[in-house]
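Both backbone and side-chain heavy atoms feed into the values below; hydrogens, waters and symmetry mates do not. Indexing begins at 1, ligand by ligand and atom by atom, following the structure's order.
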Amino acid sequence: MTKYVFITGGVLSGLGKGLVTCSIGKMLQVRGFKVTAVKCDPYINVDAGTMNPYIHGEVFVLDDGYEADMDLGSYERFLGVNLTRLNNITSGQIYKTVIERERRGEYLGRCVQIIPHITDEIKRRVRLVAEKTDVDVLLVECGGTVGDIEGLPFLEAFRQMRLEEARGDTLLVHVTLVPVLKAVGEPKTKPTQHSVKELRAIGLQPDIIVARCEWGLLPEEQKRKIALYCNVEERAVFTSINVDPIYELPLVLEEQGMGELLCEYLGLERRKPDWSGWRGIVQRFKDAKETVRIALCGKYAEFADAYVSVNEALRHAGAANGCRVNIEFIETEEFEETPNSVEKLSDFDGILVPGGFGERGVEGKIAAIEYARTRGIPFLGICYGFQLSVVEYSRHVLGLEGAHTTECDPDTPHPVIDLLPEQRSIDELGGTMRLGSQPVVVKPGTLAHRLYGSELIYERHRHRWEVNPRYWDRLEEAGVVFSGWSLDGRRKEIMELPNHPFFLATQFHPEFKSRPWKPSPPYYGFIKAALERRLGARRP
Ligand code: GLN
């Protein structure tokens, strides 16, 4: 029998509710309980695939090809589970299913309503995950903030589930903000009181409150106040503080006694937690001495959330190499406006060109790749970064003037990157790219093979374009090594340049499978090379 922990958020978004969810999962995992997590996203989009990462944050790709909300990336990185499309429930999916059912006549004679039809569909999908995964505890996080109109059907579904499941088998954790105004100098609990009031108005009483407070652990007085006004036990008020690395948060909450209380409230067997493995992982991040500087040359560069998985993969690789990774976001349009500004890349230990779409900033990315290639700066190209590396090499080494991807220039004389053949007949945007985990054959004796230590790997994809087979031979004759290809041999997946300290680019997104205890091989190799460059520069 699965038990349920519902996680809601109050006051404002961006409180780290997802990380609290991950931490709850970790506290249960180290006690030997099997857990997984579901994210409920109240937006009407069917999935995150069509959303702009600059506004909404990165699109996280699962093994099964589902394009998910970025919180699912945190779940995977903390909990080490591989999620499926069932783990993300959106209003779009719920409404689509209910409306399709209505069209088939399955509600014949009845008026189709939010309660019970929409809420029933939400509950069905939540319970389906419990059934399929057979976990001890299912974490169910609701996106957005209490009080959002969109979120109401989800919260109503949670309320019903709390009534329907056996007493004590469900728990509600509410995450809020406790601000500290400089002029006042003390943490204020009023916003928390208000957001709990809002919850109770729709029939939900939290059992546990996690207050996010940038100032530090909440003093007893504020905890007492929250407990009294929000109707929870004083020992059920916890503080989430700023931590570095983020993987330390479960330890911070455990120290406050949250793990014990979770088990007590859920009626779970009291087991001694084994934190040794996790503590070791966190310590690796803390012990890092050197710092390498990486230039992340992208388009949504001002907004860190657009590249969460890339950032985390770089940090995981840093911890494994014993160094911190300082990531600087560079908007590549700058290199187009002021071509000389590309020189600032010489200060970096590594240059990364991540995935992307469309024309804006592309010439600047190509300039960054050329700089990395000709100056011998460690380079990692991901997806679009891979494709543009091929464009750069075609233009500047093969001398194919005007070479381009047809994504940017449909009439280029040299379409070195072209649409995947199976994409030509597709005109819907949502969920139609080449997506998810695909096998890649790795060529022995190459850098890629040394990094992966295997001739067959699985990595996650998200693209519509690929290297045009008509140019394979010319590129290889000119020095490009394609060290990875699809199982059917029809598409190139990895490119590298042998006479360079580290130049590797992949059609897939290895960052999605990076874990704090198991860094992604391309990222590991990239940071290792960057660290060598840093140490080399210091040597007299
Ligand atoms: N825009 C490119 C494509 O669709 C690259 C996509 C990406 O970087 N995720 O193939």
Side-chain angles (χ1 to χ4, degrees), residues 47-54 56-63 65-68 70 73 296-301 303 305-311 313 332 351-366 368-369 379-392 394 403-410 412 415-438 440 459-469 471 484-486 490-495 504-514 520 522-523:
D47 58 39
T50 54
M51 283 198 260
N52 183 341
Y54 177 51
H56 189 79
E58 143 194 295
V59 176
F60 187 80
V61 181
L62 305 181
D63 273 340
Y66 179 80
E67 299 170 282
M70 62 175 200
L296 183 53
C297 301
K299 164 159 119 176
Y300 314 110
F303 183 54
D305 269 1
Y307 299 116
V308 201
S309 293
V310 170
N311 295 345
T332 50
I351 296 172
L352 192 153
V353 175
F357 296 85
E359 229 178 314
R360 188 164 73 76
V362 156
E363 291 303 323
K365 288 182 183 178
I366 294 173
I369 296 167
F379 172 79
L380 183 61
I382 306 294
C383 204
Y384 213 16
F386 163 83
Q387 298 172 356
L388 296 176
S389 299
V390 171
V391 171
E392 193 277 323
S394 304
H404 218 327
T405 159
T406 54
E407 178 172 1
C408 295
D409 180 4
T412 165
V416 290
I417 302 295
D418 204 3
L419 208 55
L420 292 158
E422 65 270 31
Q423 286 284 328
R424 292 182 207 280
S425 54
I426 293 176
D427 40 35
E428 266 199 17
L429 274 189
T432 55
M433 283 185 246
R434 179 171 180 247
L435 289 165
S437 178
Q438 312 273 351
V440 175
E459 290 283 13
R460 298 183 191 172
H461 294 68
R462 185 174 189 246
H463 65 121
R464 280 185 217 286
W465 275 266
E466 65 173 348
V467 185
N468 187 339
Y471 291 88
W485 50 83
S486 61
R490 279 176 46 207
R491 48 192 58 126
K492 297 300 186 199
E493 293 270 10
I494 311 176
M495 106 165 227
L504 188 85
T506 63
Q507 178 59 78
F508 46 83
H509 292 264
E511 62 272 15
F512 293 138
K513 284 177 75 174
S514 181
S520 158
Y523 283 86

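Of the residues L388, V391, T405, the one that meets the side-chain contact (heavy atoms from CB on, under 4.5 Å) test with V362 is L388.
For R464, the side-chain hydrogen bond (donor to acceptor under 3.5 Å, both in side chains) test picks out Q423, T432, with sequence neighbours left out. Residues satisfying the side chain to side chain contact (heavy atoms under 4.5 Å, CB included) test with Q438, not counting sequence neighbours, are R434, H461. Listed by chain and number, the residues in a side chain to side chain contact (heavy atoms under 4.5 Å, CB included) with S514 are A313, H316, S520 (sequence neighbours excluded).
Protein residues having a heavy atom under 4.0 Å from any atom of ligand 1 are G355, G356, F357, C383, Y384, Q387, E407, R462, H463, R464, W465, H509, listed by chain and number.
Expressed to the nearest 0.5 Å, how far OH of Y523 lies from CG of L380 amounts to 5.5 Å.
For the pair H463/L420, a side-chain contact is recorded, criterion being any heavy-atom separation below 4.5 Å from C-beta on.
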